[in-house]
J.: 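Got a structure here, written out as structure tokens. Questions coming.
It should be emphasised that the depicted structure is a prediction, and the values quoted were computed from it without experimental measurement. Counting starts at 1 for both ligands and their atoms, in listed order. Sequence positions, counted from 1, serve as the residue numbers for this chain. All heavy atoms count here, side chains included; hydrogens, waters and symmetry mates do not.
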Amino acid sequence: MGSTKIIIAGGSGFLGKSLAKWYSSNVEDCEIVILSRSPRAIDSTRTVVWDGLNPGDWAKELEGASALINLAGRSVNCRYNKANRRAIMDSRIDSTRILGQAINQCKNPPKVWLNSSTATIYKHTYGQAHDEKRGTIEATPEAKDSFSIEVAKAWEDEFEKAQTPDTRKLILRTAVVFHTDHGSAYAIMRRLTRFGLGGKMGDGRQYVSWIHIDDFCRAIDWLLSSAEAEGIVNISSPNPITNAELMANFRKVCGRPIGLPAYRWMLEIGAIFLRTETELIIKSRRVVPGRLLSDGFTFNFPEIQQALADLENG
Ligand SMILES: NC(=O)c1ccc[n+]([C@@H]2O[C@H](COP(=O)([O-])OP(=O)(O)OC[C@H]3O[C@@H](n4cnc5c(N)ncnc54)[C@H](OP(=O)(O)O)[C@@H]3O)[C@@H](O)[C@H]2O)c1
């Protein structure tokens with residue numbers, strides 16, 4: 001066993017695999033254990049089966065662990081029909097609840113518990129950026145975000161309710177994480193751009209909050225190591241940009257001077273065929289990492305140009 005042991009619930013997904021890889025490259029003597037609903041091999045990690053709902057042998061892994069990171073949850077990239085809404089909500093609430101109960105039963109609980117949330121919790125805005133202190137939480141019909149905000153609030157409430165007095169707790173309000181894995185938001189936008197469809201989406205004025213995967217992993221490690229850090233933390237780059245600017249940058253790195261725009265009505269039709277929701281594109285998310293910046297975290301990729309150049313050529 002390594003001297004640092006990190007448990008990642010839902011760690012078989014995009015972010016969990018990236019974190020596991022980052023730790024194996026950057027931190028010596030670190031054991032990563034993934035809690036997954038199916039036994040599977042993930043490079044340099046050990047997988048322990050759980051169901052995200054009930055107590056079980058998996059809970060023994062938490063005894064004496066350095067940290068628990070909960071990333072479990074049904075993907076939000078789907079149509080918000082009744083069954084999917086239920087799965088999106090329940091997978092987040094149930095996994096958070098059972099992890100809280102498991103920590104509570106530990107003799108030697110994990111030192112810190114990071115639970116995922118989302119930057120989508122903040123109000124749709126073209127105005128001042130939301131940080132942790134001044135950010136407002138409210139749904140906007142134009143952004144079609146009432147369900148997402150309801151989920152995020154319930155998820156955070158469940159986490160707040162957990163009685164874990166000897167474990168430091170942090171809520172991660174994470175923006176869209178840019179990485180090149182197949183199926184990620186980044187990979188989809190790059191593909192559209194290469195096909196000549198890299199124009200603005202909707203009116204292009206909506207803000208996109210984002211973070212490079214390397215900065216995401218570094219920010220998580222920073223929070224694990226900062227003995228005083230507790231509460232809500234925005235995990236995003238300091239420089240959200242508009243969708244029009246983002247797509248212009250994609251066109252530049254993909255060498256496509258022209259990109260057809262996608263008007264709102266096209267997005268609505270496209271979303272039905274692609275089995276997704278337009279909220280993921282049309283909501284204006286202007287979120288900044290107030291706490292990370294004030295606590296002295298430095299971003300390797302604060303600007304979109306640096307981030308895209310690294311992801312394309314790095
Ligand atoms: N990626 C982003 O840009 C981003 C941004 C903001 C917030 N987030 C949040 O961060 C978390 C991780 O994101 P991700 O991109 O890594 O997601 P992901 O690739 O979809 O992985 C999430 C993992 O959750 C587990 N899961 C799915 N349905 C579940 C259920 N019903 N019960 C228990 N576990 C279930 C799955 O693991 P098993 O199948 O192995 O059990 C899956 O690998 C999610 O909660 C997401 O909402 C992500």
J.: My understanding is that only residues two or more places apart in sequence, or in another chain, count here; which of them pass ring pair (Phe, Tyr, Trp, His ring centres under 6.0 Å) with Phe195?
T.: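 For Phe195 there are no ring pair (Phe, Tyr, Trp, His ring centres under 6.0 Å) partners, ignoring immediate neighbours.
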J.: Is the His179 ring parallel, tilted or perpendicular to the Phe14 ring (thresholds 30°, 60°)?
T.: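 The arrangement is tilted - the two ring planes meet at 30° to 60°.
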J.: Consider only side-chain N and O atoms of Thr118 and Arg173, and report whether a donor and an acceptor are under 3.5 Å apart.
T.: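 There is no such pair between these side chains.
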J.: With sequence neighbours excluded, tell me which residues meet salt bridge (Lys or Arg N to Asp or Glu O under 4.0 Å) with Arg74.
T.: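 So Arg74 forms no salt bridge (Lys or Arg N to Asp or Glu O under 4.0 Å) with any residue.
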J.: Going by the angle between their ring planes, with limits at 30° and 60°, are Trp222 and Phe297 parallel, tilted or perpendicular?
T.: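 Plane angle over 60°, so perpendicular.
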J.: Check each protein residue for a heavy atom under 4.0 Å from ligand 1 and list those that pass, ordered by chain and number.
T.: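 Residues within 4.0 Å of ligand 1: Gly10, Ser12, Gly13, Phe14, Leu15, Ser36, Arg37, Arg40, Leu71, Ala72, Gly73, Arg74, Ser91, Arg92, Ser116, Ser117, Trp155, Thr174, Ala175, Val176, Val177.
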J.: Taking only residues two or more places apart in sequence or in another chain, which ones pass side-chain contact (heavy atoms from CB on, under 4.5 Å) with Ile269?
T.: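 For Ile269 the side-chain contact (heavy atoms from CB on, under 4.5 Å) partners, ignoring immediate neighbours, are Trp265, Phe273.
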